**Student:** 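Could you have a look at this structure, given as structure tokens, before my questions?
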Protein chains: 2
Amino acid sequence: MTRVLVVDDEPQIVRALAINLKARGYDVDTAGDGTAALTAAADRHPDVVLLDLGLPDIDGVEVIKGLRGWTRIPIIVLSARHASAEKVAALDAGADDYVTKPFGMDELLARLRAAVRRAVPEEEAPVVVTDSFTVDLAAKRVSRDGADVRLTPTEWHLLEVLVRHAGRLVSQRALLQEVWGPQYGTETNYLRVYMAQLRRKLEHDPSHPRHLLTEPGMGYRFEG
Amino acid sequence: MTRVLVVDDEPQIVRALAINLKARGYDVDTAGDGTAALTAAADRHPDVVLLDLGLPDIDGVEVIKGLRGWTRIPIIVLSARHASAEKVAALDAGADDYVTKPFGMDELLARLRAAVRRAVPEEEAPVVVTDSFTVDLAAKRVSRDGADVRLTPTEWHLLEVLVRHAGRLVSQRALLQEVWGPQYGTETNYLRVYMAQLRRKLEHDPSHPRHLLTEPGMGYRFEG
DNA sequence: TCTTGATGTCAAGGGCGCGTCAAGAAGGCA
DNA sequence: TGCCTTCTTGACGCGCCCTTGACATCAAGA
């Protein structure tokens, strides 16, 4: 799913954008100022950023430069300023597109699709290796002893969340909400069933897991 | 030097753009209608296209589709039409940006720089070979046991997307949006029908595919 | 040793996603 | 206009995946 980071200091605009984007199947993160935007971008690795230029703390162009210091993800600027100089500055700082407010939602969504479409797929280190299995996050495939292991969608989703937080503890609540949806949070029996299945498919000794670890009372942890 | 193809049916606009671009060190080709634009693009291999939508012979969106059939060079649409639907149609057809007339030259140049900057260096399309069929992405042809296989446009498009992501899983949503358009995403029955047709035409044993694989609940994968 | 709460294991059913087939609709071409 | 190809849509059955409940196991504390 495409992840969008919406940056604007006006909550109602953020809310309106978030609702529209989620309705179209996008995954939405939000930030209310430049600092939060830079943190969220580093944290959540969005696929595209919608950036308002008029932020309370940092100038929007500086946010663009900050992002461009380490990533080439598409940045679409939203701004009430029509001045040519503003547009040139933002585009030359590294923005991909510049949309002036007020804008039509249809047009914005089309520009968003265009930006995502031409984006170079981010190739981070998507392959995680342990001594008993290998997880390729980009290709969505898991292999063990050279042979591919078939995972069901839920099994894969759960494994993916754990691997993306490799080494860190992920609470049961966080796992449930990420994999099953925000309205879940207490159905820990799901986790028990699926963790057992993952261990059976991936661990050499499923009853003494070395990579898919339980932290009793807290959650689970993937150890590389 | 960056080569720009300017397409517009009004000579004075072409001239004004050409002068400005040449003054900035761009190499400029021009075309006055859609046919000439397609020919010039194939002939001269520009690095970016400035395309007016209101051409006398072919609809601008058709020109975009024609170009996108074989190249991903940036296309910036220039148009007097402000209607949202026009913009959406052009962007979804494959345009990278949409600038409404009248536009500021500074802004256009900035958008031009942005488009060129993020352009992916053109890589030639390779030939993908499996033990039962061969896909030539550049020539848009598929052969099996030495003989060409006829694919319908949709079949080809679907196969192309899968082959370009060889080895990686492509989600049903991504496939639908890429082949049928961004407003699709849930019509998985299309995928079932067309995957079955591709398998029937390309796989030795269509009911046990070895290259066009289903990942239940997640998507499809082409395996070389 | 017993109790308690949390985790691991197993099996069964119901639902739904997928493959398959075929007919109707739409579009291109003579 | 009429034919042919291609795309869309519906129906159906099979198999698999998710869910759920029951029970076993384990660790910690009294």
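Because only heavy atoms are used, hydrogens play no part in the values below, and waters and symmetry mates are left out as well, while side chains stay in. All values reported here derive from a predicted model rather than from experimental measurement. Just so it is clear: chains get the letters A, B, ... in the order the sequence lines come, proteins before strands, and each one is counted from 1.
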**Student:** Strictly below 4.0 Å: does B/T188 bring a side-chain N or O up to OP1 or OP2 of C/dG17?
**Tutor:** no
**Student:** Would you say that A/R150 contacts A/E155 through its side chain, given a criterion of any heavy-atom pair below 4.5 Å between the two side chains?
**Tutor:** no
**Student:** A/R221 and side-chain hydrogen bond (donor to acceptor under 3.5 Å, both in side chains): which partner among A/E215, A/H165, A/H211?
**Tutor:** A/E215
**Student:** Hey, does the side chain of B/R150 come within less than 4.0 Å of D/dT6's phosphate (OP1/OP2), counting only N and O?
**Tutor:** yes
**Student:** Taking the side chain of A/R200 as heavy atoms from C-beta outward, which of C/dT20, C/dC18, C/dC10 is closest to it?
**Tutor:** C/dC10
**Student:** Of the options A/L159, A/T134, A/L198, A/L137, which is the one that meets A/V142 in a side-chain contact (heavy atoms from CB on, under 4.5 Å)?
**Tutor:** A/L159
**Student:** CD of A/E203 versus P of C/dG8: gap in Å, rounded?
**Tutor:** 12 Å
**Student:** Rounding to a whole Å, what distance do you find between B/M218:CE and D/dC17:P?
**Tutor:** 11 Å
**Student:** I need a per-nucleotide contact map over nucleotides 7-12 of chain D, read 5' to 3'. Cutoff is protein heavy atoms under 4.0 Å; write B for the base, S for backbone only, - otherwise.
**Tutor:** BBB---
**Student:** Between atom CG in B/L198 and atom C1' in C/dG19, what is the gap in whole Å?
**Tutor:** 14 Å
**Student:** With the side chain of A/A196 defined as its heavy atoms from C-beta on, choose the nearest nucleotide among C/dT9, C/dG19, C/dT20.
**Tutor:** C/dT9
**Student:** What integer distance in Å separates A/H208:NE2 from C/dT7:P?
**Tutor:** 18 Å
**Student:** Bend across the helix from C/dT1-D/dA30 to C/dA30-D/dT1, to 10°, with axes taken over 5 pairs at each end?
**Tutor:** 30°
**Student:** Tell me the interatomic distance from B/L158, atom CG, to D/dT6, atom P, rounded to whole angstroms.
**Tutor:** 15 Å
**Student:** Rounded to the Å, how far apart are B/D205 CG and C/dG19 C1'?
**Tutor:** 14 Å
**Student:** Can you give me the closest heavy-atom contact between A/V179 and A/L158, atom names plus distance?
**Tutor:** CG2-CA, 3.8 Å
**Student:** Examine distances only and state if a side-chain atom of A/R118 and a backbone atom of B/A115 form a donor-acceptor pair shorter than 3.5 Å.
**Tutor:** no
**Student:** Starting at CG of B/L175 and ending at P of C/dG17, how long is that distance when rounded to a whole Å?
**Tutor:** 17 Å
**Student:** Do A/V48 and A/D96 touch side chain to side chain, with heavy atoms closer than 4.5 Å?
**Tutor:** no
**Student:** Taking only distance into account, with no hydrogens and no angle test, what donor-acceptor pairs under 3.5 Å do side-chain atoms of residues 30-38 of chain B form with protein atoms, sequence neighbours excluded?
**Tutor:**
{"unit_1": "B/D33", "atom_1": "OD1", "unit_2": "B/T35", "atom_2": "N", "d": "3.2"}
{"unit_1": "B/D33", "atom_1": "OD1", "unit_2": "B/A36", "atom_2": "N", "d": "2.8"}
{"unit_1": "B/T35", "atom_1": "OG1", "unit_2": "B/D57", "atom_2": "OD2", "d": "2.6"}

**Student:** Below 4.0 angstrom from OP1 or OP2 of C/dG8, is there any side-chain N or O of A/S207?
**Tutor:** no
**Student:** In a check of side-chain contact (heavy atoms from CB on, under 4.5 Å) between B/V163 and each of B/T130, B/L212, B/V128, which one passes?
**Tutor:** B/V128
**Student:** State whether the side chain of A/E203 and the backbone N or O of A/R210 hold a donor-acceptor pair below 3.5 Å, judged by distance alone.
**Tutor:** yes
**Student:** Roughly, in whole Å, what's the span from CG in B/L212 to P in C/dC18?
**Tutor:** 16 Å
**Student:** Scan A/E215 against the nucleic acid and name what it touches under 4.0 Å (heavy atoms): base, sugar-phosphate only, or nothing.
**Tutor:** nothing
